[in-house]
Amino acid sequence: MTSHHKTATVSIAPAETEAFATRLLRWFDRNGRHDLPWQHPRTPYRVWLSEIMLQQTQVKTVIPYFERFVAALPTLPALAAAAQDEVMALWSGLGYYARARNLQAAAQRCVERHDGELPRDLNALTGLPGIGRSTAAAILSQAWGDRHAILDGNVKRVLCRYHDIAGHPGLPAVEKQLWTHAESHLPDARMADYTQAQMDLGATLCTRSDPACVLCPLQDNCVARREGRVAELPTARPGKVVPQKHACILWLENSDGAVLMQRRPPTGIWASLWTLPQAEDAAASRAWFERALIGDYDAAEALPPIDHAFSHYRLRLHPLRLRGIALDRRVGDNDDLRWVMRDEFAGLGMPAPIRKLLES
DNA sequence: AAGTCGGGGCC
DNA sequence: GGCCCAGACTT
């Protein structure tokens with residue numbers, strides 16, 4: 001523990017509190033992002049969708065997904081009424097697929113209990129699946145201008161530096177302290193702009209590496225800047241060893257050229273997505289094949305392995321390709337296992353590495 | 001408090 | 001290659 005580390009008790013001078021929001025808003029008017037897709041029009045549904053997509057995902061990545069999603073499902077009731085496969089297909093490639101399932105479940109609950117609209121209330125929003133405290137605050141402030149603090153990755157980074165707070169921001173004790181600071185800086189007006197301004201500052205100036213402090217509207221009061229500690233804040237997440245896992249996947253085609261695909265279970269990795277039949281090892285792969293299919297397993301062509309990295313483990317997929325296969329009549333084509341033609345791929349939610357393999 | 005959940009951007 | 005990103009949820 002270093003001497004500069006702050007305790008949980010904080011006190012903010014009123015002048016400094018005012019300076020934070022005032023300077024940030026003045027900077028935002030000239031230098032903020034005013035042309036993001038969800039800002040025009042800035043409806044509650046579009047703000048909500050953008051906030052969910054932006055969880056752990058950069059703006060640049062989200063934009064094309066957002067445009068495609070709102071074009072297909074332009075309103076909350078449309079999302080609620082859509083087929084789950086359509087929602088998953090629209091999300092396919094974005095990752096963290098629980099976000100998509102929670103999004104639709106929340107939409108359906110809004111139709112049932114909130115007259116088809118997003119509730120304008122922090123606790124009601126937090127009670128919906130996929131919406132936590134920060135996302136609820138971001139929705140309320142941007143959609144209606146309500147006065148709530150957010151605390152996302154951008155704000156955490158800015159506040160850790162501005163107040164010189166050490167310790168990984170994901171730790172509950174540090175996070176609690178950051179919430180206190182975030183609440184203390186709130187302006188009395190312009191909440192939508194203020195919320196966007198914080199994110200813009202974190203995304204464009206107060207970046208993780210090589211921040212542009214000389215351009216920062218908060219540089220005069222930034223403690224880390226004054227103390228020369230900007231580069232070491234926020235404190236990095238403690239490292240962890242990620243395990244390496246393996247799996248065999250079967251790329252099977254029938255005489256029509258259709259590919260056999262399987263829907264994954266509703267929980268766990270790639271939940272509810274369509275993927276190639278997968279087994280833990282070669283023996284299990286062969287056993288499944290011989291139980292379900294008619295064909296010569298030993299004639300399969302081994303394709304180069306595919307390496308895929310998750311946050312908490314690495315996966316090496318070993319594909320086997322085999323053509324001219326038929327399903328055993330006792331197994332049959334059903335809701336969770338079916339032959340898919342190439343022109344149907346776009347309509348199915350598939351893990352990114354599987355889609356890449358099939359479309360290569 | 002720690003683990004589970006993707007995929008891509010960027011160094 | 002590693003680390004992180006407009007986090008939430010489960011255990």
Side-chain angles (χ1 to χ4, degrees), chain A residues 32-33 36-39 47-66 88 91-103 105-106 125-139 141-142 149-158 167-176 178-179 182 195-204 206-211 231 234-245 264-273 275 306-315 349-356:
Chain A
R33 295 175 291 187
L36 296 169
W38 40 91
Q39 296 174 325
V47 168
W48 171 40
L49 176 61
S50 73
E51 287 302 326
I52 302 301
M53 285 188 167
L54 287 161
Q55 287 172 359
Q56 301 298 102
T57 312
Q58 296 184 350
V59 169
K60 186 177 196 173
T61 303
V62 162
I63 288 176
Y65 283 89
F66 177 86
M88 300 313 290
W91 208 269
S92 186
L94 252 191
Y96 280 147
Y97 298 95
R99 292 184 294 173
R101 286 185 291 110
N102 288 334
L103 186 76
L125 281 177
T126 306
L128 294 172
I131 301 181
R133 179 176 172 185
S134 187
T135 297
I139 293 169
S141 60
Q142 295 188 91
I150 63 167
L151 189 62
D152 60 18
N154 286 312
V155 179
K156 284 177 177 175
R157 188 169 53 255
V158 170
H168 178 58
L171 294 174
V174 178
E175 192 168 306
K176 183 180 177 185
L178 292 171
W179 271 114
T195 293
Q196 186 63 46
Q198 291 175 93
M199 304 197 233
D200 288 356
L201 184 75
T204 65
C206 196
T207 50
R208 182 167 63 90
S209 59
D210 197 24
T235 304
R237 172 192 304 279
K240 57 177 188 284
V241 185
V242 301
Q244 173 78 53
K245 300 184 180 182
R264 294 185 59 88
T267 59
I269 203 79
W270 293 332
S272 302
L273 268 60
T275 185
I306 301 165
D307 286 309
H308 193 70
F310 298 102
S311 349
H312 48 309
Y313 66 91
R314 299 178 201 291
L315 182 62
M350 292 167 41
I354 301 299
R355 186 179 297 282
K356 185 179 176 185

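Residue numbering restarts at 1 for every chain, and letters A, B, ... go by the order of the sequence lines.
- More than 12 heavy atoms of other residues, nucleotides or ligands sit less than 6.0 Å from atom CZ of A/Arg33.
- Side-chain rings of A/Trp270 and A/Tyr97 stay apart, their centers remaining 6.0 Å or farther from each other.
- The residue A/Glu175 sits apart from the nucleic acid: no heavy atom pair falls under 4.0 Å.
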Shorter than 3.5 Å, N or O on both sides, protein versus nucleotides 9-11 of chain C: list them out with atom names.
{"from": "C/dC9", "atom 1": "OP1", "to": "A/Gly130", "atom 2": "N", "distance (Å)": "2.5"}

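- Of all heavy-atom pairs spanning A/Val242 and A/Tyr313, the tightest one is CB-CA, 4.1 Å.
- Nucleotides B/dG6 and C/dT11 are separated by 16 Å at their P atoms, to the nearest Å.
- Between A/Gln142 and A/Gln39, every side-chain heavy-atom pair lies at or beyond the 4.5 Å cut-off.
- C/dT10 and B/dG7 have their C1' atoms separated by 22 Å, with the value rounded to a whole Å.
- Residue-to-nucleotide proximity on DNA chain C shows that, of A/Gly153 and A/Ala236, the 5′-proximal contact is made by A/Ala236.
- Rounded to whole Å, the C1' atom of C/dC5 lies 22 Å from the corresponding atom of B/dA1.
- Among the protein residues, A/Arg314 comes within range of the sugar-phosphate backbone only, with heavy atoms under 4.0 Å from sugar or phosphate atoms but none that close to a base.
- In the model, A/Arg99 has a side-chain atom that pairs as donor or acceptor with a side-chain atom of A/Thr57 under 3.5 Å.
- As a whole-Å value, the separation of A/Arg264 CZ from B/dC5 P is 10 Å.
- Contacts of A/Val155 with the nucleic acid, taken as non-hydrogen atoms under 4.0 Å apart, are absent.
- Residue A/Arg157 has a polar side-chain atom (N or O) positioned under 4.0 Å from OP1 or OP2 of C/dC5.
- The CG atom of A/Leu171 sits 12 Å away from the P atom of B/dG3 (whole-angstrom rounding).
- Going from the P atom of C/dA6 to that of B/dT4 covers 24 Å, rounded to whole Å.
- Rounded to an integer number of Å, the gap from CG of A/Leu151 to P of C/dC5 is 12 Å.
- Between A/Leu273 atom CG and A/Met350 atom CE the span is 9.0 Å, to the nearest 0.5 Å.
- Between A/Phe310 and A/His308, the two ring planes are perpendicular [angle over 60°; tilted spans 30° to 60°].
- In this structure, A/Trp48 has no ring-ring contact (aromatic ring centres under 6.0 Å, His included) partners at least two apart in sequence or on a different chain.
- Between the NZ atom of A/Lys240 and the P atom of C/dG1 there is a distance of 18 Å, given to the nearest Å.
- Residue A/Trp38 is classed as a base contact, given a heavy-atom separation below 4.0 Å to a base.
- The nearest whole Å value for the distance from the CG atom in A/Asp307 to the P atom in C/dG2 is 12 Å.
- Rounded to a whole Å, the CG atom of A/Asp152 is 5 Å from the C1' atom of C/dA6.
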Between protein and nucleotides 6-10 of chain B, what N or O pairs are separated by less than 3.5 Å?
{"from": "B/dG6", "atom 1": "OP1", "to": "A/Tyr96", "atom 2": "N", "distance (Å)": "3.4"}
{"from": "B/dG6", "atom 1": "OP1", "to": "A/Tyr97", "atom 2": "N", "distance (Å)": "2.9"}
{"from": "B/dG6", "atom 1": "OP2", "to": "A/Trp270", "atom 2": "N", "distance (Å)": "2.4"}
{"from": "B/dG6", "atom 1": "O4'", "to": "A/Tyr96", "atom 2": "N", "distance (Å)": "2.8"}
{"from": "B/dG6", "atom 1": "N7", "to": "A/Ser311", "atom 2": "OG", "distance (Å)": "3.0"}
{"from": "B/dG6", "atom 1": "O6", "to": "A/Tyr96", "atom 2": "OH", "distance (Å)": "3.0"}
{"from": "B/dG6", "atom 1": "N1", "to": "A/Gln56", "atom 2": "O", "distance (Å)": "3.2"}
{"from": "B/dG6", "atom 1": "N2", "to": "A/Gln56", "atom 2": "O", "distance (Å)": "3.2"}
{"from": "B/dG6", "atom 1": "N2", "to": "A/Thr57", "atom 2": "OG1", "distance (Å)": "3.0"}
{"from": "B/dG7", "atom 1": "OP1", "to": "A/Tyr97", "atom 2": "OH", "distance (Å)": "2.6"}
{"from": "B/dG7", "atom 1": "OP1", "to": "A/Ala352", "atom 2": "N", "distance (Å)": "3.0"}
{"from": "B/dG7", "atom 1": "OP2", "to": "A/Trp270", "atom 2": "NE1", "distance (Å)": "2.9"}
{"from": "B/dG7", "atom 1": "OP2", "to": "A/His308", "atom 2": "NE2", "distance (Å)": "2.8"}
{"from": "B/dG7", "atom 1": "O3'", "to": "A/Gly93", "atom 2": "O", "distance (Å)": "3.3"}
{"from": "B/dG7", "atom 1": "N2", "to": "A/Gln56", "atom 2": "O", "distance (Å)": "3.4"}
{"from": "B/dG9", "atom 1": "O4'", "to": "A/Gln58", "atom 2": "OE1", "distance (Å)": "3.0"}

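- A donor and an acceptor atom, one from each side chain of A/Ser272 and A/Arg264, are nowhere located under 3.5 Å apart.
- Both tests do not hold together for A/Arg101 against A/Trp91: distance to the six-membered ring centre under 6.0 Å, angle to the ring axis within 45°.
- Atom NE2 of A/His168 and atom C1' of C/dG7 are 12 Å apart (whole Å).
- Whole-Å rounding puts the A/Glu51 CD to C/dC5 P distance at 16 Å.
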